[in-house]
Amino acid sequence: MTQAPSWRRTHTCGELRPVHVGQTVVLNGWVQSRRNLGGIYFLDLRDRYGLTQVVIPEALASVKLGPEFVLSVRGKVSGREGSQINTERATGGVEVIAEAIEVLSSSPPPPIDLSGSTETSLETRLKYRYIDLRRPQMQRNLAHRSRFINAMRRAFEAQGFLEIETPILTKATPEGARDFLVPSRVHPGEFYALPQSPQIFKQILMVAGLDRYFQVARCFRDEDLRADRQLEFTQLDMEMSFVEEEDVFATWERVMRDTFKDAMNIELTIPFPRMRWEEAMERFGVDKPDLRFGLELHAVDAWAKTCEFQVFRSAVEGGGRVMGLTVAASHNLSRKDITELEGVAKGIGAKGLAWWKAGAAGGSGPLAKFCATPEAAQALMSAMGASEGDTCLFIADRKSMTRKVLGELRNQLGRRLDLIPKATSATDPAQWRFTWVTHFPLFEWDEDAGRYFSAHHPFTAPEDWNLDGAMDGKEPDLGKLSSRAYDLVLNGWELGSGSVRIHRADVQQKIFSMLGIGPEEQKRKFGFFVEALSQGAPPHAGFALGLDRTSALTLGLDNIREVIAFPKTASAVDLMCDAPSQVDPEQLAEVHVRSVLPEKSAAEAPAAPPPTAS
RNA sequence: GGGGACGUAGCUCAAUCGGUUAGAGUACCGGCCUGUCACGCCGGUGGUUGCGGGUUCGAGUCCCGUCGUCCUCGCCA
């Protein structure tokens with residue numbers, strides 16, 4: 001009795017080389033393309049590892065083989081000579097002469113072009129994600145992400161960190177983003193929340209003496225989506241005890257250096273620069289500066305205060321700022337460019353955009369008449385760091401608006417004027433400009449709510465443990481307090497954030513009070529946490545890095561959907577499985593929940609749902 | 001919640017100022033082809049122009065509504 005030959009592969013589709021010539025092999029994979037020349041018939045078989053050309057002999061030419069059919073091909077490896085060699089392909093020196101073909105699975109023509117000749121809409125890609133993910137580009141993206149995360153894991157383990165899992169079903173957190181709620185079947189009327197981050201748990205792990213924790217943690221925030229934001233996202237979360245900022249920075253710098261080397265063969269230079277939040281805002285207008293180009297903001301308040309231009313003077317006298325950007329003459333910024341930039345500025349909320357073509361003799365443009373004297377012109381050029389013929393752009397407004405507008409203009413000009421240097425090679429470390437931004441404000445005023453909120457989160461240590469006298473019963477200006485929160489910024493993207501934490505129960509309670517959370521509410525929502533802090537909490541600090549963003553950025557992509565296997569659309573829908581969706585009334589009853597739809601939807605509810613496109 | 005862009009064949013797109021039977025490439029099907037590798041050549045199938053209403057002699061095109069996708073502001077401790 002003879003055993004039927006197995007369909008199982010002996011090699012992958014990216015594996016065969018001239019050294020295998022003469023061997024009988026079995027390949028498994030998807031039909032990428034067919035080229036039937038009549039007397040000879042070629043087929044490319046694809047799997048995650050590559051493409052291999054298969055030659056179909058006459059005897060097998062009648063087997064129906066459509067694109068994306070899944071095959072097992074048994075055959076002999078044959079060498080290719082001269083012009084037959086495909087130098088574009090790793091397996092191009094060989095081909096497999098098929099002796100037997102088994103169709104493991106068939107397929108209709110795919111709705112997504114897998115040859116790479118046309119770009120399919122994201123909508124179709126997400127609906128048929130299982131086909132989209134067959135594309136080599138997507139497989140490369142996911143492989144890169146996997147390598148990157150695993151390299152980080154090794155780097156943390158090498159530094160003595162323990163990977164510890166924390167709950168997904170947890171307690172709703174007041175403050176911050178909207179929670180996803182999960183009704184409890186066992187406890188009618190009560191809800192779990194999905195974690196916005198493992199924040200409280202990792203701090204408690206420090207209280208528990210675990211000393212060094214990390215986790216690849218899924219986080220959930222029920223807020224609107226963006227190209228760089230999903231409802232659920234992944235962080236490399238960590239926390240460490242008996243440390244301060246510099247210890248956290250040094251740990252992460254080693255991790256990033258090792259990870260970039262390991263996953264991408266890039267030699268990062270460490271340490272990364274540090275700058276206080278105030279410095280970042282003053283020099284770049286944003287808290288996540290792109291350091292790949294200059295074009296820094298210049299303060300011209302002193303000049304503005306004494307000039308004849310009423311808009312500038314009143315801005316400064318009213319407590320605002322006058323600042324500007326200097327665009328080198330070589331960029332030939334046109335009137336049309338300036339008009340467009342003014343549109344951008346107004347879109348953000350600026351009242352206008354003043355400009356001046358710098359010149360010792362007064363220059364030109366709307367500001368020229370205020371620079372009529374050589375002294376005034378010279379002083380403005382000096383304040384703006386401008387040379388003859390440079391174009392200066394000015395915003396005069398409230399401090400925060402001035403920075404915000406110029407920060408955005410700076411970023412746009414960076415792109416429009418091509419100020420970002422091109423990488424000299426794939427492993428050029430100069431294209432990765434990291435920086436730490438430190439000492440963010442502790443609180444931010446919320447106009448609508450009429451109260452202060454934590455700028456980072458309420459567990460962030462203040463720069464001054466005495467809270468500028470608040471611990472002694474005084475009442476400081478909350479808007480002026482600095483925190484020990486920090487961000488890691490790469491090329492203008494916020495990769496992650498963290499802080500030194502409050503390890504003192506009394507300070508934690510004081511912060512809650514400052515946020516308007518009274519003793520009762522504190523006890524109900526954070527009682528267990530404050531109690532933990534009061535029972536031997538070590539000083540500790542931590543950080544969390546957004547892995548979706550980091551994976552995308554290190555692949556040169558600006559949309560995190562390209563590094564997430566099953567992402568959601570801008571309206572938070574999973575197009576493949578059509579989630580969210582209605583559930584059976586029995587299911588709702590079981591968890592003691594009844595839907596109360598908004599007016600409009602409620603009126604439509606009895607009608608049949610519209611048919612979905614098929 | 002606000003703003004902008006888009007929605008036409010399985011896929012990617014075109015269709016002038018509102019005017020003939022809505023086209024092309026690709027895919028698919030059939031035929032030819034012995035060295036292709038996005039094979040080539042010939043032929044063919046394929047459309048409720050997202051959906052609903054309106055204006056008009058006439059709507060893919062204009063108007064209103066609605067649904068969906070993308071970007072963005074708000075939001076995202």
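Chain letters run A, B, ... following the sequence lines, proteins first, then strands; residues in each count from 1.
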Subject >> Near-ring test A:Phe201/A:Tyr213, centroid separation under 6.0 angstrom >> reply: no

Subject >> Aromatic ring pairing A:Phe512/A:Phe526, orientation class (parallel under 30°, perpendicular over 60°, tilted between) >> reply: parallel

Original post:
Taking the inter-plane angle between the rings of A:Tyr130 and A:Tyr128 on a 0 to 90° scale, is it parallel (under 30°), tilted (30 to 60°) or perpendicular (over 60°)?
Top reply: perpendicular

Is any N or O donor-acceptor pair between the side chain of [X] and the base of [N] shorter than 3.5 Å?
{"X": "A:Glu95", "N": "B:G35", "answer": "yes"}
{"X": "A:Gln84", "N": "B:U36", "answer": "no"}
{"X": "A:Arg221", "N": "B:C76", "answer": "no"}

Using whole Å, report how far [atom1] of [X] lies from [atom2] of [N].
{"X": "A:Glu58", "N": "B:G35", "atom1": "CD", "atom2": "C1'", "result": "14 Å"}
{"X": "A:Asp448", "N": "B:G1", "atom1": "CG", "atom2": "P", "result": "17 Å"}
{"X": "A:Phe233", "N": "B:C75", "atom1": "CZ", "atom2": "C1'", "result": "14 Å"}
{"X": "A:Glu562", "N": "B:C71", "atom1": "CD", "atom2": "P", "result": "10 Å"}
{"X": "A:Gln412", "N": "B:U72", "atom1": "CD", "atom2": "P", "result": "12 Å"}
{"X": "A:Ile97", "N": "B:U34", "atom1": "CD1", "atom2": "P", "result": "17 Å"}
{"X": "A:Asp228", "N": "B:C75", "atom1": "CG", "atom2": "P", "result": "15 Å"}
{"X": "A:Leu225", "N": "B:U69", "atom1": "CG", "atom2": "P", "result": "11 Å"}

So, [X] versus [Y]: side-chain donor-acceptor pair below 3.5 Å or not?
{"X": "A:Arg501", "Y": "A:Ser499", "result": "yes"}
{"X": "A:Thr166", "Y": "A:Gln215", "result": "yes"}
{"X": "A:Ser33", "Y": "A:Arg35", "result": "yes"}

Original post:
Base, backbone or nothing for each nucleotide of nucleotides 9-14 of chain B, written B, S, -, heavy atoms under 4.0 angstrom, 5' to 3'?
Top reply: -SSS--

**OP:** In whole angstrom, give me the gap between the P atoms of B:C76 and B:U16.
**Re:** 46 Å

**OP:** Taking atom C1' in both B:G46 and B:U12, compute the distance separating them and give it to the nearest angstrom.
**Re:** 16 Å

**OP:** Identify, between A:Ala227 and A:Arg178, the residue whose nearest nucleotide on RNA chain B lies closer to the 5' end.
**Re:** A:Ala227

Original post:
Of A:Arg226 and A:Gly116, whose closest RNA chain B nucleotide lies nearer the 5' terminus?
Top reply: A:Gly116

Subject >> Electrostatic pair A:Asp228:A:Arg226 at N-O distance under 4.0 angstrom >> reply: no

Original post:
Heavy-atom contacts under 4.0 Å between residues 32-47 of chain A and RNA chain B, which residues?
Top reply: A:Ser33, A:Arg34, A:Arg35, A:Asn36, A:Leu37, A:Gly38, A:Gly39, A:Ile40, A:Phe42, A:Asp44

**OP:** Provide the closest heavy-atom pair for A:Ala532 versus A:Val207 in the form atom of the first, atom of the second, distance.
**Re:** O-CG1, 3.5 Å

Would you indicate what [X] reaches in the nucleic acid, counting non-hydrogen atoms under 4.0 angstrom: base, sugar-phosphate, or nothing?
{"X": "A:Pro67", "answer": "sugar-phosphate"}
{"X": "A:Ile348", "answer": "nothing"}
{"X": "A:Ser454", "answer": "sugar-phosphate"}

Nearest to the side chain of [X], heavy atoms from C-beta on, is which of [options]?
{"X": "A:Asp224", "options": "B:C76, B:G74, B:C71", "result": "B:G74"}
{"X": "A:Ser571", "options": "B:U69, B:U36, B:C73", "result": "B:U69"}
{"X": "A:Arg561", "options": "B:C71, B:U72, B:C76", "result": "B:C71"}
{"X": "A:Lys64", "options": "B:C37, B:C29, B:U72", "result": "B:C29"}

Original post:
If you count the non-hydrogen atoms of other residues, nucleotides and ligands that lie under 6.0 Å from OH in A:Tyr192, is the total more than 12?
Top reply: no

Original post:
Should we say atom CZ of A:Arg17 is surrounded by more than 12 heavy atoms from elsewhere, each under 6.0 Å from it?
Top reply: yes

**OP:** For B:C33, give its Watson-Crick or G-U wobble partner with both distances under 3.5 Å, or none.
**Re:** none

Subject >> G-U wobble or Watson-Crick pairing nucleotide for B:G25 (cut-off 3.5 Å, both distances) >> reply: B:C11

**OP:** Quick one: which residue pairs count as a salt bridge (Lys or Arg N to Asp or Glu O under 4.0 Å) with a foot in residues 49-69 of chain A, not counting sequence neighbours?
**Re:** A:Arg46-A:Glu68, A:Glu68-A:Arg134

